[in-house]
Protein chains: 2
Amino acid sequence: MEPVSQNKDDEIAEANDLDHLGKMIREARLQKGWTLEEAGKAAGIGRSTLSKIENNQTRPSFDIVRRLTKALDLRTPQLFVQSGPSDISGRRDVTLTGQGEPQDTPTYSHELLCTELTSKRMFPYISTIKARDVSEFEAWIRHRGEEFMYVISGELTLFTEHYRPLALKTGDSVYYDSGMGHGCISTSEEDAKVLWVSLE
Amino acid sequence: MEPVSQNKDDEIAEANDLDHLGKMIREARLQKGWTLEEAGKAAGIGRSTLSKIENNQTRPSFDIVRRLTKALDLRTPQLFVQSGPSDISGRRDVTLTGQGEPQDTPTYSHELLCTELTSKRMFPYISTIKARDVSEFEAWIRHRGEEFMYVISGELTLFTEHYRPLALKTGDSVYYDSGMGHGCISTSEEDAKVLWVSLE
DNA sequence: CGTTTGTGTTTCCTATAGGAAACTTTTCTG
DNA sequence: CAGAAAAGTTTCCTATAGGAAACACAAACG
């Protein structure tokens, strides 16, 4: 229930930072070129309900909204406007080619990107993996979190626990649990370059 | 309303990928050391309602959930994660060049990467930015979170609020608050390709 | 011009969300 | 171990979410 209010319209309008919710949903639906009927069916809700939602004539349940976002392929966070500033609020950090912060280890040669923004949550870096021989593969790397990798150039083989070694070419990408042991070696004549983005 | 079902408990359990919602909210509340009363007050809802939500005895409205996430300072996207523990423990997901899931809009042409892993936290995708003219720049894109971009090929100009437009070449990268308006256009003859990794 | 068809909107009704208060359980006291 | 106080749960009730169907309004036929 809501705090008492003179009339229904006022009440809904007032308590709603969500006025735009209906608008966004309608936009998303039209974007897909769907009718109320089609969208409703895709989300498993009635077209009358959807109409009311789009016109902000109702306060839909979380459940319903979730189904809609799924069906309409909406970015959900936008629906929660509350715009609490992130810790890098209003900021950006640029790193030009080759201008990253070098970080070398015996086996890898990293170039950390965008290191100015220390409070960011993802950690992007480029690694150069030297052309070498399979026999040199040593120990699993393992650190809590998730990791995404994209092969910028060259060819390499990715090793991860629980899986077969995987041959990767330029343009391929992998997302994995970085708590799972992993490592890679170059299988091309030249060094391979990989972009990694790591998240704790 | 839900499709008919024999009894209420079944119905709720069945339609709920959201069983974990109550759990998450309870966790968040206890984390803060709050009682139902306190949390309810902070969110502007009754303690009985909150109790029912935490025990999954009700399907709260979007509105109520929004207020709770705000009060409890919860990262909302997790609430939308369907099915299962929200980690990717021991898993990996590969996307070969050009094999991503296409997602086109009038202005952008995205290729979503590693979409098999639905519970991952970062969202990588490759965009092809069509070669065109500055005058065509339209509206800011804006969504809560952080974003990292890496220019795979071509040249483009990145626009972000609070900053001057920025010319980027192949190999350059930028990290920014995606809640800040942003958008880009290609400045090269050919289309530009950009790898984005987005985090909510 | 009516008829059809395909859209979105508005009733109408039932199941239920959510608040207040009764009830139960746990945690402090003395 | 009282008995009180504070936490959580359940009950009861009213306002309303959401589906079905009636309604409204087009555009596309004959």
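Numbered from 1 within each chain, the chains take letters A, B, ... in sequence-line order.
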dT9(C), OP1 or OP2 - any side-chain N/O from N55(A) closer than 4.0 Å? yes
Does S48(A) contact dA20(D) through a side-chain donor or acceptor facing the base, at a distance under 3.5 Å? yes
Would you mind reading off the distance between L50(A) atom CG and dA20(D) atom P, rounded to a whole angstrom? 14 Å
Under a 3.5 Å distance rule, please check whether E111(A) uses its side chain to pair with a backbone N or O of Q99(A) as donor and acceptor. yes
Give a yes or no on whether a donor-acceptor pair under 3.5 Å exists between the nucleobase atoms of dA17(C), that is its base, and the side chain of S61(B). no
Would you indicate, yes or no, if dT7(C) has its OP1 or OP2 atom less than 4.0 angstrom from a side-chain nitrogen or oxygen of R29(A)? no
Let's see if you can work this out: which of dT9(D), dG19(C), dA17(C) has an atom nearest to the side-chain heavy atoms of T49(B)? dG19(C)
Can you tell me how far P of dA20(C) sits from CG of L36(B), to the nearest Å? 15 Å
Go through the N and O atoms of the side chain of R47(B) and the base of dG19(C), and report whether any donor-acceptor pair is under 3.5 Å. no
Regarding R91(B) and the six-membered ring of Y176(A), is the cationic atom NZ or CZ under 6.0 Å from the ring centre and inside 45° of its axis? no
Length of the line joining F62(A):CZ and dA17(D):C1', which is rounded to integer Å: 16 Å
Can you measure Q57(A) atom CD to dT9(C) atom C1' for me and round it to whole angstrom units? 8 Å
Could you state the atom-to-atom distance from CZ of R59(A) to C1' of dA17(C) in whole Å? 12 Å
Hey, does I53(B) reach any base, or is it just sugar-phosphate, or nothing, if we go heavy atoms under 4.0 Å? nothing
Figure out the CG/P separation between N56(B) and dT9(D), and round it to whole Å. 12 Å
Take the angle between the ring planes of Y125(A) and W196(A) and call it parallel below 30°, perpendicular above 60°, tilted in between. parallel
Value in whole Å for how far the P atom of dG8(C) lies from CH2 of W34(A): 13 Å
Categorize S51(A) for me: base, sugar-phosphate, or nothing, with a 4.0 angstrom heavy-atom threshold over every strand shown. base
Between dG19(C) atom C1' and K41(B) atom NZ, what is the distance in whole Å? 16 Å
Does dG18(D) have its OP1 or OP2 closer than 4.0 Å to a side-chain nitrogen or oxygen of R67(A)? no
Under the criterion side-chain hydrogen bond (donor to acceptor under 3.5 Å, both in side chains), I'd like the reasoning laid out for E147(B) against Y175(B): C-alpha separation, chi angles, the key distance, then a yes or no. CA-CA 6 Å; E147(B) 216 155 53; Y175(B) 199 113; over 6 Å; no
Closest to side chain of K52(B), choosing from dT9(D), dA20(D), dG18(C): dG18(C)
Flag, side chain of S173(A) to backbone of F148(A), donor-acceptor distance under 3.5 Å: no
